[in-house]
A.B. asks: 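The following block contains the structure, expressed as structure tokens.
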Amino acid sequence: MTDRLYDYVIVGGGSAGCVLANRLSADPSNNVLVLEAGRPDSLWDVYIHMPAALSFPIGSRRYDWRYESEPEPFMDGRRIAHARGKVLGGSSSINGMIFQRGNPLDFEKWGAEPGLEQWGYAHCLPYFKRMERSLEGANEYRGDGGPLVVERGPATNPLFAAFFEAVQQAGHPLTADVNGQRQEGFARFDRNVHRGRRLSAARAYLHPVRERPNFDVTCRALVTRVLFEGTRAVGVEYVKAGGFERAYAEEVILCGGAINSPQVLQLSGVGDPDHLRSVGVEVVHELPGVGENLQDHLEVYVQHACTKPISVAPAMKWWNRPRVGFEWLFFRRGPGATNHFEAGGFIRSNDDVAYPNLMFHFLPLAIRYDGTQPAGGHGYQVHVGPMNSDARGSVKITSPNAHVHPALRFNYLSTEQDRREWVEAVRCARHILGQSAFSELDAGEISPGPEVQTDEQILDWVARDAETALHPSCTCRMGVDDMSVVDPSTMRVHGLEGLRVVDASVMPHVTNANIYAPVMMIAEKAADLIRGATPMLPRKVDFYRHRATVSASEESQSPEPRSSRTS
């Protein structure tokens, strides 16, 4: 048993947990404990810290929870593998290191909902700036004094030049900064890579303050439930080295992410009473929204073979890996020092949507997340998929045993909007890759292949081949209605004392890009709310919208095919 009473016990040493640990322990009067179910992020673990090695931890039991969905009814009954980081730093220690804030209108949509007025773009922007150190320099949109270094991908491979030319030939603009005044368009991408190494949330926020005497981190500690006295959380129970232990606290903060946080709540008796009783869990507090409203991004790889030996495929061959590893280990440069996601962009799939609903990542390589490559040699690809799907799913425990993974159902391709935008997404990608900029480089489409042409064939291919973009969110969403879980002004779980949630699960709607940056922003803002600090003043800045005469609140409430509420 842990007899020490902490001020805060943070459940999960991932992206949000690292931010909170840093900010809350900055006050020496606060005693803070972080419980992480995974292993430490050893400095000598090449698979974590070498950017190009990102395919190795994904799918490995050493680093990955290895979740998978229930059979998805609209995807040929496939179980979709869903990697989540099981290591200090969480998914920031195994992700693709892409830093995307999302569109300002994402946050305007948040702020237009009842109770979320303080989550509009002007209120979120100061926290984005506080957390980042942009190597491009500070301006009214970007910060340069935060712990999270953000560097721009070099994109020097000639295939990137062809890509940027092709998008303009296809009628799309370039933009100076997708995280700045104008997201819509194509540019070199920001990344959490610094001096040739992955800069995870743990390396940016946690390790610099590990020596604080009021701050403890315990790894390989799986939290099994929150302990309650009535409706007040007083601590947590966890498993370490095969035995049960307890840690007591004035406040318990769940930071496990969109899968683990609702799982812990349900294991603790917080959720839909009928569901909890059906799996043998005693009900502590009725809160039917726990685990509902699950959102994610699905993506496909549109791949082409390349006529010239200019892709980075040779660096991925096993016989070249020793040289790549040596160059990275001793000089922090070469193919091992990049995540390869160095450029891409955002477009609208049709003129009716209010802001970009498609995101593209371009790679000078034809490869999947797990590191497998198509037969042949050189190639290139784009990752593409709808960013504002209206499909909704759920996270539900199936057992009172915390070691049993919950049932995940995403319901990909289940709506008319989703299916329509998927056809548009693939056609937009093909339109770009079919431009004359690639004419001397294009050796033919590998995936999906020229035989896939009709809308039905495209949807069949997506159902067979698509993978998650690894952005689960919204399962403990902020709000003030009956299906919300978290109070947006305090991050407390509705109806309970001493229990808060801070992670991707509290998003009311998923952003239109990678979710790592907005999760970190949420945690920065939540740290002030939890400490009772004066919030940072909102910063109203101009940002691009293609409907210049329409107000942000009107856009956020427009009936265009974007995320809808489930309550």
Side-chain angles (χ1 to χ4, degrees), residues 51-52 54 96-100 134-137 150-191 193 196 299-317 320 324 327 333-347 356 358-367 373-374 376-384 425-447 513-514:
L54 64 93
M97 292 154 276
I98 302 170
F99 184 89
Q100 303 284 9
S134 173
L135 297 187
E136 300 293 313
V150 178
E151 71 171 35
R152 199 69 53 85
T156 55
N157 185 286
L159 285 166
F160 285 110
F163 177 68
F164 285 134
E165 183 179 354
V167 299
Q168 295 176 85
Q169 291 172 344
H172 306 296
L174 301 183
T175 182
D177 183 359
V178 296
N179 289 312
Q181 190 270 342
R182 176 172 177 148
Q183 183 202 47
E184 186 166 348
F186 290 81
R188 293 181 297 133
F189 272 174
D190 286 329
R191 312 173 302 164
V193 177
E299 67 180 9
V300 294
Y301 313 115
V302 179
Q303 300 175 325
H304 281 241
C306 186
T307 60
K308 297 182 179 181
I310 57 174
S311 79
V312 298
M316 308 301 291
K317 302 298 184 182
N320 285 326
V324 170
E327 189 175 14
R333 67 189 186 198
T338 178
N339 62 343
H340 300 302
F341 295 105
E342 297 180 9
F346 298 83
I347 66 172
L358 302 181
M359 177 169 63
F360 292 81
H361 299 146
F362 180 81
L363 280 80
L365 175 70
I367 196 169
Q373 303 175 59
H378 293 274
Y380 51 91
Q381 70 186 40
V382 293
H383 295 202
V384 64
V426 173
R427 295 199 186 284
C428 285
R430 281 176 153 175
H431 183 57
I432 291 171
L433 296 181
Q435 296 300 313
S436 60
F438 282 109
S439 59
E440 294 184 1
L441 301 171
D442 186 7
E445 186 179 88
I446 303 170
S447 177
N514 302 72

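This is a predicted model, so every value here is computed, not measured.
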A.B. asks: For Arg182, does its backbone N or O pair with a side-chain atom of Asp177 as donor and acceptor, under 3.5 Å?
C.D. replies: no
A.B. asks: Is any side-chain heavy atom of Leu159 closer than 4.5 Å to one of Cys306?
C.D. replies: yes
A.B. asks: Working to the nearest 0.5 Å, report the span between CD of Glu151 and OG of Ser134.
C.D. replies: 10.5 Å
A.B. asks: Considering non-hydrogen atoms only, spot the tightest contact between Tyr380 and Ala305 and give its length.
C.D. replies: CE2-O, 3.8 Å
A.B. asks: Do Phe163 and Ile432 make a side-chain contact, defined as non-hydrogen atoms from C-beta onward lying under 4.5 Å apart?
C.D. replies: yes
A.B. asks: Between Ser436 and Ser439, what is the shortest heavy-atom contact and its length?
C.D. replies: O-OG, 2.8 Å
A.B. asks: Checking the side chain of His378 only, and the main-chain atoms of Ser311 only, is there a donor and an acceptor separated by less than 3.5 Å?
C.D. replies: yes
A.B. asks: Rounded to the nearest 0.5 Å, how far does CG of Asp190 lie from CD of Gln100?
C.D. replies: 7.0 Å
A.B. asks: If you define the side chain from C-beta out and look only at heavy atoms, does anything of Met359 sit under 4.5 Å from Asn514?
C.D. replies: yes
A.B. asks: Does the side chain to side chain contact (heavy atoms under 4.5 Å, CB included) test come out yes or no for Leu433 and Val382, once each step is laid out?
C.D. replies: CA-CA 9 Å; Leu433 296 181; Val382 293; 4.0 Å; yes
A.B. asks: Distance-only, no hydrogens or angles: does the Thr175 side chain make a donor-acceptor pair with backbone N or O of Phe186 under 3.5 Å?
C.D. replies: no
A.B. asks: For residues Val302 and Gln381, determine if any side-chain heavy atom of one lies less than 4.5 Å from a side-chain heavy atom of the other.
C.D. replies: no
A.B. asks: Do you know the tightest heavy-atom contact between Ala155 and Arg188?
C.D. replies: CB-CG, 3.7 Å
A.B. asks: When you measure from the side chain of Asn339 to the backbone of Gly96, do you find a donor-acceptor pair of N or O atoms at a distance under 3.5 Å?
C.D. replies: yes
A.B. asks: Taking atom CG of Leu441 and atom NZ of Lys308, what is their separation to the nearest 0.5 Å?
C.D. replies: 5.5 Å
A.B. asks: State, yes or no, whether a side-chain contact exists between His304 and Ile446 at a heavy-atom distance under 4.5 Å.
C.D. replies: no
A.B. asks: Heavy-atom distance under 4.5 Å between the side chains of Ile310 and Pro158, does that happen here?
C.D. replies: yes
A.B. asks: Can you tell me which residue among Phe341, Phe189, Phe362 is in a ring pair (Phe, Tyr, Trp, His ring centres under 6.0 Å) with Phe160?
C.D. replies: Phe362
A.B. asks: Nearest 0.5 Å, what's the CZ-CG distance between Phe99 and Asn179?
C.D. replies: 6.0 Å
A.B. asks: Mind checking what makes side-chain contact (heavy atoms from CB on, under 4.5 Å) contact with Pro154, not counting sequence neighbours?
C.D. replies: Thr156, Arg191, Glu342
A.B. asks: Identify the two heavy atoms, one from His340 and one from Ala52, that lie closest to each other, and give their separation to 0.1 Å.
C.D. replies: NE2-CB, 4.1 Å
A.B. asks: Got a second to check how far Gln303's CD is from Leu365's CG, nearest 0.5 Å?
C.D. replies: 8.5 Å
A.B. asks: Please check this pair: side chain of Thr307 against backbone of Glu440, looking for a donor-acceptor N/O pair closer than 3.5 Å.
C.D. replies: yes
A.B. asks: Contact between Val193 and Pro51 at the side-chain level, heavy atoms closer than 4.5 Å - yes or no?
C.D. replies: yes
A.B. asks: State, with a plain yes or no, whether a side-chain heavy atom of Leu358 is found less than 4.5 Å away from one of Cys428.
C.D. replies: yes
A.B. asks: Could you tell me which non-hydrogen atom of Gln183 sits nearest to which non-hydrogen atom of Ala513, and how far apart they are?
C.D. replies: NE2-CB, 4.4 Å
A.B. asks: Of the non-hydrogen atoms in Glu327 and Pro335, which two are nearest, and what is the gap between them?
C.D. replies: OE1-CD, 3.8 Å
A.B. asks: Report the distance from atom NE2 of His361 to atom NE2 of His383, rounding to the nearest 0.5 Å.
C.D. replies: 8.0 Å
